[in-house]
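One structure below.
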2 protein chains.
Amino acid sequence: MSGSEIRRTMPLFPIGIVMQLTDLTARQIRYYEEHQLISPARTEGNRRMFSLNDIDLLLEIKDLIDQGVNLAGIKQLFSAKEKQVVTEEMQKEAKKVRRELSDDELRKILRSELTQAGRFNRSSLRQGDMSRFFKS
Amino acid sequence: MSGSEIRRTMPLFPIGIVMQLTDLTARQIRYYEEHQLISPARTEGNRRMFSLNDIDLLLEIKDLIDQGVNLAGIKQLFSAKEKQVVTEEMQKEAKKVRRELSDDELRKILRSELTQAGRFNRSSLRQGDMSRFFKS
DNA sequence: TTTTTATGTCATAAAACCTAACATGGTGTT
DNA sequence: AACACCATGTTAGGTTTTATGACATAAAAA
């Protein structure tokens, strides 16, 4: 493991490249940032730098706009998705905890989970997948 | 398969990012280009844009320089590697052809290959592998 | 010692990007 | 119809980043 790893969150691309990759105009990209659908990093000199995740988000935004969803709607969908991620993590954590519980306690938890079911929207957006970008 | 695929050869990164990723100075990168170890693409406005492959090459150059190899040597190594790639393709092709040959002809070919063995340097450079960059 | 190699540094010019402001075609409301 | 708002286009003026070319220099090679 070298020290120079890049994450999907690492800011790599200037806006010009992102324009090509997403087929959005600079105006659109900046507008979406202004409305907090994305938050690209900035260089010391204040230039936007986008990560792979940012590009995924922009592609999702584009899809949704093509489907007639307005920015307010997209914002809602995004925050719903965040919630979903949170609940997924909660579920994992719950599983961990369960293993350390007695069967008795486990039954209690299961019962309470069942009575609270359906709290969150379970439908998922198309997951951003950069694999279509990186062919060898 | 969408129309917006990115290949390892697709010019994506400006020199500033490449500097961070490779820990080389702009001067070094330009010098290596001047001596034809890399050939990054150019924008309409004449700015260098680097692909993932370019970055791999730069990292290999850096490694070799750290090991005391000079630019002339690196150039040789690179063209040797190209040759190797070619021979690999030749070998594949040869395999294909062999399947269409009679056992008799096959024996002839094998004999001639054996008598000509060791023509090319078989040692391989560390293959550039961007997987260290793209962690999820 | 002289030359070559690899890199640093500086000056100048241009490309790419920034923000801010105003313009405009739809869409929805009164 | 008149108005307002949304999403985007366009233009202007300023800053950052990159390009090239020239000169400087330490280390290695000749």
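Every value quoted in this text rests on a predicted model; they were computed, and no experiment measured them.
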Distance below 4.0 Å between Y31(A) side-chain N/O and dA7(D) OP1 or OP2: yes
Atom CZ of R42(B) to atom P of dT18(D): distance rounded to whole Å? 13 Å
Listed nucleotide nearest any side-chain atom of Y32(B), set dT7(C), dT8(D), dC18(C): dT7(C)
Taking the side chain of L71(A) as its heavy atoms from C-beta onward, which of dC17(C), dT16(D), dA7(D) lies nearest to it? dA7(D)
Between L12(A) and P14(A), which heavy-atom pair has the shortest distance, and what is it? O-CD, 3.9 Å
Note: L59(B) and L21(B) closest approach over all heavy atoms is CD2-O, 4.2 Å
Check: D54(A) side chain, S51(A) main-chain N or O, donor-acceptor pair, under 3.5 Å: yes
More 5' along DNA chain D: A72(A) or G45(B), using each one's nearest nucleotide? A72(A)
Using whole Å, what does the distance between atom P of nucleotide dA6(C) and atom CD of Q36(B) come to? 14 Å
Looking at every strand, decide which applies to R48(A) at a 4.0 Å heavy-atom threshold: base, sugar-phosphate, or nothing. sugar-phosphate
Using atom CD of E44(B) as one end and atom P of dA19(D) as the other, report the distance to the nearest whole Å. 16 Å
Point-to-point distance, once rounded to the nearest 0.5 Å, from CZ of F13(A) to CD of Q20(A): 11.5 Å
Find the distance I65(B):CD1 to dA27(D):C1' and express it as a whole number of Å. 14 Å
Over how many whole Å does the gap from I61(B) atom CD1 to dT7(C) atom P extend? 10 Å
Considering only side-chain heavy atoms of N46(B), which listed nucleotide, dT19(C), dG8(C), dA19(D), is closest? dA19(D)
Rounded to the Å, how far apart are I15(B) CD1 and dT20(D) C1'? 12 Å
Considering only NZ, NE, NH1 and NH2 on the basic side and carboxylate oxygens on the acidic side, decide whether R8(A) and D56(A) come within less than 4.0 Å. yes
Starting at CD of E33(B) and ending at P of dT7(C), how long is that distance when rounded to a whole Å? 15 Å
Examine dA16(C): is either OP1 or OP2 under 4.0 Å from a nitrogen or oxygen in the side chain of T43(B)? Give yes or no. yes
Picking from dT18(D), dT5(C), dT19(C), which would you name as closest to the side chain of P14(B)? dT18(D)
Pair of N/O donor and acceptor under 3.5 Å linking dT17(D) base with R47(B) side chain: yes
To the nearest angstrom, how far is Q28(A) atom CD from dC6(D) atom C1'? 13 Å
Report the nucleotide, chosen from dT7(C), dG9(D), dT18(D), that has the shortest atom-to-atom distance to any side-chain atom of R27(A). dG9(D)
Starting the side chain at C-beta, find the nucleotide from dA19(D), dA7(D), dT7(C) nearest to N70(A). dA7(D)
